[in-house]
Every structure is written in structure tokens, then in C-alpha cells.
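The structure appears below as C-alpha cells.
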Amino acid sequence: MHIGVIGAGKLGATLAEWCVESGHDVAITSRHPERLDSLVERLGEHGMAMPVDETAKYADAVLFAPGWPAAREAIDMAGKALTGKVVIDATNPPAAAPGGVSGLETLMSWAPEAHWVKAFNTLPASVLTRRRGHDPLLAEFVCTDLVDARLTASKLIRDLGFAPVFAGRADTAKYVETGGPLQMTEVDVQDATEVLAGVLGDYV
Ligand SMILES: NC(=O)c1ccc[n+]([C@@H]2O[C@H](COP(=O)([O-])OP(=O)(O)OC[C@H]3O[C@@H](n4cnc5c(N)ncnc54)[C@H](OP(=O)(O)O)[C@@H]3O)[C@@H](O)[C@H]2O)c1
């Protein structure tokens, strides 16, 4: 696939490197793509840097990893190019107020034409690096309302050496985001169903 990575920080750069290693072609971006030369060199011939809108245009699927305060700006910079694209949201917004919407739902309201899915946000890149590809595989929680987004995110999660575990629709994303019970929770794939049942049982 052509993967567009929006946000070239700790998480975005790490995921971009793994995408290339897994056989994908990657365009990565930030507000300053001209400053990404050393990262692009590390990515090799299957990596490049582009402006945000061109990255979104290039992508079959987008990994969305700017800091939360820059999320709206990044969406605006991508513009219409996100239309119809699967966008995998790895951001962590401030904790949702009780009864409030998830960060994923907020992004969906800002760019409703994109096919949003939450993943890769619960654990630091250092933990993902330690666990990547090792048995037992690390569960990577996926939340979305859309089947195509779920399938695309799940494929990429597998390609990168983790086990996708569907955790629910977009409103459930608050359980994996900041302040949620699954945030910073390292779960082996064989334990994921039980952990998820416990969490959802406590919160619904
Ligand atoms: N770090 C982790 O281990 C980790 C793990 C799970 C989830 N997350 C989440 O992932 C997100 C990114 O975290 P991080 O630690 O990687 O942050 P970071 O190191 O601060 O990187 C943020 C990146 O976003 C870019 N950016 C800022 N505004 C942008 C815009 N308008 N359009 C495109 N790119 C923009 C920044 O570059 P410029 O300033 O040059 O634009 C920078 O490359 C956060 O929401 C965080 O909660 C992080």
C-alpha cells in the first residue's frame, strides 16, 4: 500500500520505518517536510517527504500522528485529499469529560468525509518497539464505525507485527484514549477478549 504518515515525530517516524520494512511505500509529512531529510534517508528508496495535502493524496491509507493540539490544523492542511481515505488516528486528546465524545469522534466531526479508525495510540513507541513481532503478540486495539477502515487498519497492524483486536465503535475509543482504562495497558493477544469484556462490562 501507499501509506501517508501525517506527523513525523516519535510515533509517526517509528511507524513509517516499520511500514517501509513491511513492504509499503511511505510518504511522511509535517508542517516542515523540508526538514525531514535524515528521516527520509533512513526510510530508503520506499520513503519520501511531501507537503501534508500531497501526502494525503498519495496515500491509500493515512497514519494520523500529529500532537492533539495540531490535529485540526493538520486536517485543514490535508483538505479534500482525505475524502474517502482510511485514516488511522493514533492521537491522544485530553481526557474526555464524563459522557463526552472521544477524540476519534471529534476528528470524525472535523473531517466527516474520511474513514476514521483508532489504533496505535495506547502505548509508547518504546513499548511497541520492544513488543513488535514477538510472541505472544501485543494486542493493538481498533475502534471504528466503518468496516473498510477496520479491515485496512487490521491489515497494517498485522503487517507491522501486532495483533489487531476490535474494541468497538468510535464512541468506545474513549476507553483506549487518555484517561481510559485501556490507555497504557499492555495486553497480550490471548488475554485481549477477557480484558476487553472486563473493561466494557465496567463502563457500559
Ligand atoms: N510518542 C509516542 O510514543 C506515542 C504513542 C502513542 C500515541 N502517541 C500520540 O501520537 C501523537 C504524536 O505523538 P509524538 O510523540 O510522535 O509527537 P511529536 O514527537 O511531538 O511529533 C508531532 C509531529 O507532528 C508534526 N505536526 C505538527 N503540526 C502538524 C500539522 N499541522 N500537520 C502535520 N504535521 C504536524 C510535528 O512536526 P512539525 O512541528 O514540523 O509540524 C511532528 O513531526 C500524539 O497525539 C500522541 O499522543 C504518541
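In each ligand, atom 1 is the first atom listed, and ligand 1 is the first ligand listed. Heavy atoms only: backbone and side chains are in, while hydrogens, waters and symmetry mates are out.
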Heavy-atom contact under 4.0 Å between Thr14 and ligand 1? no
Protein residue, atom and distance nearest to [atom], heavy-atom basis:
{"atom": "atom 43 (O) of ligand 1", "result": "Ala8 N, 2.9 Å"}
{"atom": "atom 12 (C) of ligand 1", "result": "Ala65 O, 3.2 Å"}
{"atom": "atom 44 (C) of ligand 1", "result": "Pro66 O, 3.5 Å"}

I'd like to check which ligand 1 atoms, numbered from 1 as shown, lie under 4.0 Å from a non-hydrogen atom of [X].
{"X": "Phe120", "answer": "6 (C), 7 (C)"}
{"X": "Glu73", "answer": "31 (N)"}
{"X": "Ile6", "answer": "33 (C)"}

Between [Y] and [X], is there a salt bridge with N-O shorter than 4.0 Å?
{"X": "Arg42", "Y": "Asp37", "result": "no"}
{"X": "Glu140", "Y": "Arg131", "result": "no"}
{"X": "Lys118", "Y": "Glu105", "result": "no"}

Heteroatom proximity flag, [X] to ligand 1, N/O under 3.5 Å:
{"X": "Ser126", "value": "no"}
{"X": "Asn121", "value": "no"}
{"X": "Leu123", "value": "no"}
{"X": "Lys10", "value": "yes"}
{"X": "Gly9", "value": "yes"}

I'd like to check atom 40 (O) of ligand 1 in this structure: does the protein have a heavy atom lying under 4.0 Å from it? yes
Is atom 20 (O) of ligand 1 close to the protein, meaning a heavy atom under 4.0 Å from it? no
Verify whether one side chain among His46 and Asp25 offers a donor that lies under 3.5 Å from an acceptor in the other. yes
Does one side chain, of Gln183 or Asn92, offer a donor that lies under 3.5 Å from an acceptor on the other? yes
Kindly confirm or rule out a cation-pi arrangement of Arg150 over Phe166, judged by NZ or CZ under 6.0 Å from the six-membered ring centre and within 45° of its axis? yes
